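Down below is the structure, laid out as structure tokens.
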Amino acid sequence: MSKHSGKTLEKKSLQPLVRIEDLHIHFPLPGGFLSRERPKVHAVNGVTLDIMRGEAFCVVGESGCGKTTLGRVLAGLLKPTIGTVTYDGTRIDNLDDHGRRPFRQRIQMIFQNPYASLNPRLTIQQTLEEPLRFHRPDLNAAEITAQVEKVMKSVGNDPEWGSRYPHEFSGGQRQRISIARALVVDPEFIIADEPISALDVSIQAQVLNVMMEARRKHKLTYLFISHDLSVVEHFGDRVAVMYLGSVCELAETAKLFANPQHPYTRLLLSSIPKMDGSSFVHVPVPGEVPSPVNLPSGCPFHERCPLANDRCKIEKPILKHQKSGTTVACHAVEEGRSN
Amino acid sequence: MTLLQIRNLEVDFPTRYGPIKVLRGIDLDIEAGERVGIVGESGAGKSMAAFAIMNLISEPGHISAGSVEFEGRDLAKISDEEMRLLRGDRISMIFQDPMMTLNPVLTIGDQMVETLQAHRNISYNEARDLALDKLREVRIPSPEARFDGYPHELSGGLRQRVVIAIALLSDPALIIADEPTTALDVTIQAEILALLLELCREHGAALILITHDLAVVSQVTERIVVMYAGNIIESGSTRKVTDTPSHPYTMGLIAALPEQNAPGTPLNQIRGAMPMMNAVPPGCAFSPRCDYADKKCSTEKPELREVTGRLVACHHASKLKRSRKAGK
Ligand SMILES: Nc1ncnc2c1ncn2[C@@H]1O[C@H](COP(=O)(O)OP(=O)(O)OP(=O)(O)O)[C@@H](O)[C@H]1O
Ligand SMILES: Nc1ncnc2c1ncn2[C@@H]1O[C@H](COP(=O)(O)OP(=O)(O)OP(=O)(O)O)[C@@H](O)[C@H]1O
Ligand code: SF4
Ligand SMILES: [Mg+2]
Ligand SMILES: [Mg+2]
């Protein structure tokens, strides 16, 4: 699969920084005493991706489709059940704590939940200084203070916040502290899991501007997970659309938004709320929400797909390069019955 | 009928570095069945306003002035026990932090059954069936398997849906939803919003929707309240406020939307940052960041006044050019 995406999307100037190959992640669930097999959540089911150096790579998709899980594997917080992750030429998914160490500063993660990701016992200043002390033993105390102040200001935080504790801040303020913590050590790859969804639009704009600028200046690479498609459209170079642990469409951002191919991508884009004065209309999608516990056979989307036929119920479509310039996993698109 | 009436509400936090006033005099009326959106700068006091209504402000914070009346009763004057019964029954809150609702050591099912049995006299099996129905309604896949699972096993969005399911267990007259769909993808978001709207339309529940998503507020609510640094600075019909924002902060907010900027270009941002709540500047709190500020703005605090059919707290609101039409 990587051959398809690799051949066409690899621009000469870009080297893959991250290579994910056939990644599967399962979580066991409680129960299943009566049946022979313990039920498990199939959070990620065979994802293959390349992320280029300097790229803003976005992941969107249904909630629970495995985005955070994917991010946690890349950040080294979770071992894959099957598959490999290669970072800058080194395989990193199977490293122990010691082997991982050199990558900890280079790869930073901004977590989805700002309420759970800050240590309640540390002041904001301590929270930001700690990673700097650890990763940058070359800096003296004054340099550390200066670096913390610079980064705090860049994401719109008052440096005076330093003496306070996380519980004294609102959700959005905590998220800005988490963002500052990720940026403070000068990483090269940032996994940003819904980094700005807790922020108001003007701070969103400010943080996105900081992230875009850091990218230009330091050639930062992003894996950007978001439900906000207008932000993705603004920020991303490429987008992977995930559904039930699989990538169903992968395309350059502009192409995806101009001409979505996969039926799930189309559903997703048509559900974006608009500010055009229209009132809310909701056309319910028929069918049960499929479960990662009992994965459907065939195409993961077939139970809700308006284009599904018998083949879709049996055979899982694989990502294939399409004439439109995008990569799609859908029999209907492949058979030319999607338009 | 006025369901909720907030008058001159102030909330104080005494801290190591002096007292902080996080709500600085808020007036808000919500009619039965009305849907009102609250938007505003992060840290402006939106969640705090919700906590004040629920009487859930965490120590050492407290209501230092003003009143909250719900269904004609002054909430400051009722007993803790009465307040506890009101919460989760007449008023349901969906918290911004799902773990405010969820207990990490209890299974999803146990917490739902416990909530149900606290307010109603029903058997375990009845409660279980009801809970499973609600989990289905919020589109949790494999509800039976999730019923016996723990909160940490759920993705951010699934956890949020469980919280929404718990909030919908009763038949509330007022739903306060603090960023309820922020963690959800747009298709599930649409389903949850449809569910909330149905609850409002069919059961006459009123909704206070706190969110940063201006498109969501614009589609779901009838009225918008914009907050900045502990005050309401603009309030009016949703259509009016989003089409012709009249406070310079609201204007800046709408101009910052990615839709208003070409892909990849720097987004319009409001210069500066919101002040710390212990150092709110005199006069208009927004004045250090405002393009229209003059001397009066830095000395005299503007009150909410009617300007072109909505309330605006800005000395110059009637003179500003309101040209920024929202949406594409
Ligand atoms: N520790 C765990 N134990 C059991 N199941 C888990 C665990 N962590 C995640 N899961 C499950 O794996 C699936 C994928 O979760 P993940 O958090 O990656 O989703 P997501 O795409 O990030 O969703 P969201 O947009 O809601 O954050 C979900 O069904 C989730 O419930
Ligand atoms: N325990 C506390 N001590 C001191 N100040 C606090 C405390 N809790 C909250 N605050 C302050 O109160 C203000 C209002 O917080 P609130 O949570 O209501 O903001 P919000 O408008 O909901 O923001 P967001 O959109 O980020 O959730 C913030 O400026 C915050 O820093
Ligand atoms: S493969 Fe079939 S079921 Fe899957 S999205 Fe395409 S048409 Fe729908
Ligand atoms: Mg997630
Ligand atoms: Mg809040």
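Everything numeric here is computed off the predicted structure, so don't read it as measured data. First the proteins, then the strands, lettered A, B, ... as listed; each starts at 1.
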Quick one: side chain to side chain contact (heavy atoms under 4.5 Å, CB included) partners of B:Asp12, sequence neighbours excluded?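 Side chain to side chain contact (heavy atoms under 4.5 Å, CB included) list for B:Asp12, sorted by chain: B:Lys21, B:His62, B:Ser64.
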Closest heavy-atom pair and its distance - B:Leu257, A:Met275: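 Closest pair (atom of B:Leu257, atom of A:Met275, distance): CD1-SD, 3.6 Å.
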Show the nearest heavy-atom pair for residues A:Leu199 and B:His212, with the distance to one decimal.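 Taking A:Leu199 first and B:His212 second, the nearest heavy atoms are O-CG, 3.2 Å.
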So which part of [X] gets closer than 4.5 Å to some heavy atom of chain B, the side chain, the backbone, both or neither?
X: A:Arg164; value: both
X: A:Thr68; value: neither
X: A:Ile203; value: side chain
X: A:Leu269; value: neither
X: A:Gln173; value: both
X: A:Leu208; value: side chain
X: A:Val41; value: side chain

Among [options], single out the residue with the greatest number of heavy-atom pairs under 4.5 Å to chain A.
options: B:Asp97, B:Val22, B:Thr182; answer: B:Asp97
options: B:Pro275, B:Ser58, B:Gly264, B:Gly43; answer: B:Gly264
options: B:Ala190, B:Ala279, B:Ala194; answer: B:Ala190
options: B:Ile20, B:Leu253, B:Thr15, B:Val216; answer: B:Leu253
options: B:Ser155, B:Ala44, B:Pro258; answer: B:Pro258
options: B:Leu193, B:Leu158, B:Asp178; answer: B:Leu193

Any chance CD of A:Gln126 has more than 12 other-residue heavy atoms, nucleotides or ligands included, within less than 6.0 Å?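 Check passes, neighbour count above 12.
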Hey, does the side chain of A:Asn209 reach the backbone of B:Leu267 with a donor-acceptor pair shorter than 3.5 angstrom?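 It does hold such a pair.
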With no hydrogens and no angle check, is any side-chain donor or acceptor of B:Asp185 less than 3.5 Å from a backbone partner on A:Ser63?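 Present.
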I'd like to check [X] versus [Y] (side-chain heavy atoms, cut-off strictly below 4.5 Å). Are they in contact?
X: A:Arg176; Y: B:Ser42; value: yes
X: A:Leu268; Y: B:Val186; value: yes
X: B:Gln269; Y: A:Ser202; value: no

Working to the nearest 0.5 Å, report the span between [atom1] of [X] and [atom2] of [Y].
X: A:Ile272; Y: B:Thr187; atom1: CD1; atom2: OG1; answer: 11.0 Å
X: B:Met276; Y: A:Asp158; atom1: CE; atom2: CG; answer: 5.0 Å
X: A:Gln112; Y: B:Arg159; atom1: CD; atom2: CZ; answer: 8.0 Å

Output, in order, the C-alpha distance, side-chain angles, deciding distance and verdict of side chain to side chain contact (heavy atoms under 4.5 Å, CB included) for B:Gln189 and A:Ser271. CA-CA 9 Å; B:Gln189 167 169 282; A:Ser271 311; over 6 Å; no
For each of A:His234, A:Lys274, A:Glu194, tally heavy-atom pairs with chain B at distances under 4.5 Å, and name the one with the top tally.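 Answer, by heavy-atom pair count under 4.5 Å with chain B: A:His234.
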Checking [X] against chain A: side chain, backbone, both or neither under 4.5 Å from a heavy atom?
X: B:Thr265; answer: both
X: B:Ser47; answer: neither
X: B:Leu154; answer: neither
X: B:Tyr249; answer: side chain

Is any side-chain N of the basic residue among B:Arg16 and A:Glu168 closer than 4.0 Å to the acidic one's carboxylate O?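 Yes, B:Arg16 and A:Glu168 are salt-bridged.
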